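For this chain, numbers begin at 1 and follow the sequence in order. Everything quoted here is computed from the prediction, not taken from an experiment.
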Amino acid sequence: MATKTIFEKSIKTRKGYTLPKCEIDNNISEIFPNDILRKDPPRVPEVSELDTVRHYIEISDKNHFIEKGFYPLGSCTMKYNPKINDIVNVITGFTDIHPMQPEDTIQGALQVMYELQQDLAEISGMSAVSLQPVAGAHGEFTGVNIIYNYHKNKGQHRTKIIMPDSSHGTNPATSALHGMEVIEIKSNEDGKVDTEVLKDVLSDDVAGFMLTNPNTLGVFETNIQEIAKLVHSVGGLMYMDGANLNAMLGYIRPGDMGFDIVHFNLHKTFSTPHGGGGPGGGGIGVSEKLVDYLPVPVVKKKNDVYYLDYDAKYSIGKVHSYFGNFLVMLRAYIYLKMLGDKGLKRVAENAVINSNYLMAKLLSEYPVPYQKNIMHEFVACGKKFKEYGVRTLDIAKRLLDYGFHAPTIYFPLIVHEALMIEPTETESKETLDTFAEVMLKIAQEAKENPELLKEAPQNTPATRLDETNAIRNLDIKYNFEA
Ligand SMILES: *Cc1c(COP(=O)(O)O)cnc(C)c1O
């Protein structure tokens, strides 16, 4: 049965609240000028308090969320975020402070930021960290800006950024925003950077090389030190897209691999709910030679007092109002403090073992073209189902009928009919087993009853949508007149 809107549940004269009698005797039109008074009564639904609560409880689980079920959306790291984060996030000592308060009244908040900077620098092997960018893409944007200004400061106009064909769309986008020319190189048969191809495009107008490690295929770039050496030999800088940091926490560090800049997706790796695009954190870490280029302010500490330092010599300036998304930082801080060194390593271990376990369970029906050195996620290929008229999109939609969120589909572009699956470290073996069973069942359905998949989903509040039309003719408003 379709859910009624709260207006459809409205019954004339039904009340949620009874207000005390108004104590002002005057007619309201004697107090306020007539032209600001409303002509018609407000259109509000007339419902009881209980009906209102039931209404919102009913609609609250129409969508998918991590507390409701498995969410293997590759690249996005939809891990479970411990509730302690949210409990600390509503402490008024944090929520009621204002960014323009004097520093001596916000020492606690500055300490959180300072220690988070230190922890992220240690985790990444970088010299200094700025927490200002508010998304991974924003971190990239900041990083490319720093790369450009670093060269400019040395009197060089470098305009080329190299990246592999597996890279995330934000990589070329943020480079192009800075007027960089993007040079895409083809990955080798293992899904990794082909160092011979890289050598061919290196020249002294290369500003930098952008790489995700593990890359978007979930594959670890084993030649990373050689790659860094090659890029550095022509004076270019190494940028690491750190969206996949989950896979290496506590084991290996971008700084030790030769990267000069890395961004952190605090909302992915360090635990902030982000389905639907809530506030994020995209801080960056840089190597010694780039410390003076970081956005200002950076939080520093002197004689046990925390302060905001605006003095970086070549700073690119500010990239966000005030200091970034503080409450996302607070969540990351709590997450790190609660896990500690050992806990962080367990995150990486479980993320990698979960992914490899699930891949092994699915391989009989879902081949993975690049499976050497698979880390925390893998990309399966659904091409073989085309012979039954079934596409990856249909498989993804059918998964919704079984109560799972779909994996990322059609990315990365170098795998046909891609299904990008990231189980994350927070899922149990039992959940992975159930998901694998359903995936294998769907493979069977695709062969025997392809219509079932093409008409999916059927068990969700909305069935198959025309996504193009939905975007072009957005209509989300309730029609009051109907
Ligand atoms: C998510 C992601 C990004 C972009 O991060 P946002 O925080 O969504 O802006 C960049 N690269 C990769 C590989 C990602 O998975």
Side-chain angles (χ1 to χ4, degrees), residues 113-114 116-163 170-171 174-175 177-180 202 204-213 224-225 227-243 245 252-266 281-301 308-320 323-324:
M113 292 170 72
Y114 178 83
L116 182 59
Q117 285 172 187
Q118 302 288 102
D119 288 351
L120 292 175
E122 190 183 330
I123 288 168
S124 61
M126 292 292 173
S127 301
V129 165
S130 164
L131 298 171
Q132 214 174 97
V134 295
H138 196 191
E140 293 168 34
F141 180 82
T142 308
V144 177
N145 194 335
I146 289 176
I147 290 175
Y148 177 80
N149 278 288
Y150 169 78
H151 295 304
K152 188 176 157 201
N153 210 23
K154 291 171 73 180
Q156 294 174 355
H157 183 61
R158 291 186 179 233
T159 53
K160 289 183 179 154
I161 299 264
I162 306 170
M163 60 192 68
T170 51
N171 295 184
T174 48
S175 302
L177 268 175
H178 282 293
M180 295 285 185
L202 283 175
D204 57 12
D205 57 356
V206 166
F209 183 55
M210 252 182 162
L211 185 65
T212 314
N213 202 19
I224 189 64
Q225 282 172 315
I227 294 167
K229 213 164 133 192
L230 287 170
V231 173
H232 285 147
S233 73
V234 298
L237 294 177
M238 290 284 290
Y239 183 99
M240 184 170 120
D241 177 333
L245 205 63
I252 31 173
R253 312 193 303 168
D256 301 337
M257 290 184 244
F259 285 101
D260 300 292
I261 311 181
V262 57
H263 78 246
F264 311 94
N265 297 64
L266 293 185
I284 59 167
V286 295
S287 60
E288 192 59 44
K289 60 178 174 283
L290 300 176
V291 172
D292 284 338
Y293 291 83
L294 283 178
V296 285
V298 173
V299 185
K300 293 199 170 155
K301 181 179 174 183
L308 294 163
D309 184 19
Y310 286 85
D311 257 357
K313 201 157 148 210
Y314 306 117
S315 174
I316 59 162
K318 280 177 89 70
V319 294
H320 196 262
F323 321 116

Distance from [X] atom [atom1] to [Y] atom [atom2], nearest 0.5 Å?
X    : Y    : atom1 : atom2 : value
H263 : S124 : NE2   : OG    : 12.0 Å
M240 : I224 : CE    : CD1   : 8.5 Å
L245 : T212 : CG    : OG1   : 11.5 Å

Of the non-hydrogen atoms in [X] and [Y], which two are nearest, and what is the gap between them?
X    : Y    : result
S130 : L294 : CB-CD2, 4.0 Å
Y239 : G143 : CE1-CA, 3.8 Å
G136 : N265 : CA-ND2, 3.5 Å
G235 : R158 : C-NH1, 3.6 Å
L131 : M113 : CD1-O, 3.6 Å
Q132 : V319 : OE1-N, 2.7 Å

Open item on the list: If you count heavy atoms of other groups shown closer than 6.0 angstrom to CD of Q118, is the number above 12?
Closed with: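 Yes, the 6.0 Å shell around CD holds more than 12 heavy atoms from other groups.
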TODO: May I ask you to check whether over 12 heavy atoms, not counting those of K289, lie within 6.0 Å of atom NZ?
DONE: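 Buried by this count: over 12 neighbours within 6.0 Å.
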Would you say the side chain of [Y] lies within less than 4.5 Å of the side chain of [X], judging by non-hydrogen atoms?
X    : Y    : answer
V144 : M180 : yes
I147 : I261 : yes
M210 : D241 : no
I146 : I284 : yes
D309 : P297 : no
V286 : Y293 : no
I162 : L202 : yes
I161 : M163 : yes

With sequence neighbours left out, what residues match [X] under salt bridge (charged side-chain N to carboxylate O under 4.0 Å, His left out)?
X    : result
D205 : K160
D292 : none
K318 : none
K229 : none

Treating [X] as the side-chain partner and [Y] as the backbone partner, does any N or O pair qualify as donor plus acceptor under 3.5 Å?
X    : Y    : value
Q117 : V299 : yes
T174 : N171 : yes
R253 : E122 : yes
S127 : E288 : yes

TODO: Go through the steps for D260 and H232 under the test side-chain contact (heavy atoms from CB on, under 4.5 Å), then give the verdict.
DONE: CA-CA 10 Å; D260 300 292; H232 285 147; 2.8 Å; yes
Task: N145 and N149: side chain donor to acceptor below 3.5 Å - done: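 Yes, because at least one side-chain N or O of N145 sits under 3.5 Å from a partner of the opposite role on N149.
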Open item on the list: Ignoring hydrogens and geometry beyond distance, is a side-chain donor-acceptor pair present between K154 and Y150 at under 3.5 Å?
Closed with: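 There is such a pair between these side chains.
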Task: ring-ring contact (aromatic ring centres under 6.0 Å, His included) involving F141 - partner list, sequence neighbours excluded - done: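 Expected list: H178.
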Open item on the list: Test of understanding: with ring-ring contact (aromatic ring centres under 6.0 Å, His included), list the residues that count as partners of H138, not counting sequence neighbours.
Closed with: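 For H138, no residue satisfies ring-ring contact (aromatic ring centres under 6.0 Å, His included) once neighbours in sequence are set aside.
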TODO: Given side-chain contact (heavy atoms from CB on, under 4.5 Å), test F264 with V129 step by step and report yes or no.
DONE: CA-CA 10 Å; F264 311 94; V129 165; 4.2 Å; yes
Task: Audit row: L266, L120, side-chain contact (heavy atoms from CB on, under 4.5 Å) steps and yes/no - done: CA-CA 10 Å; L266 293 185; L120 292 175; 4.0 Å; yes
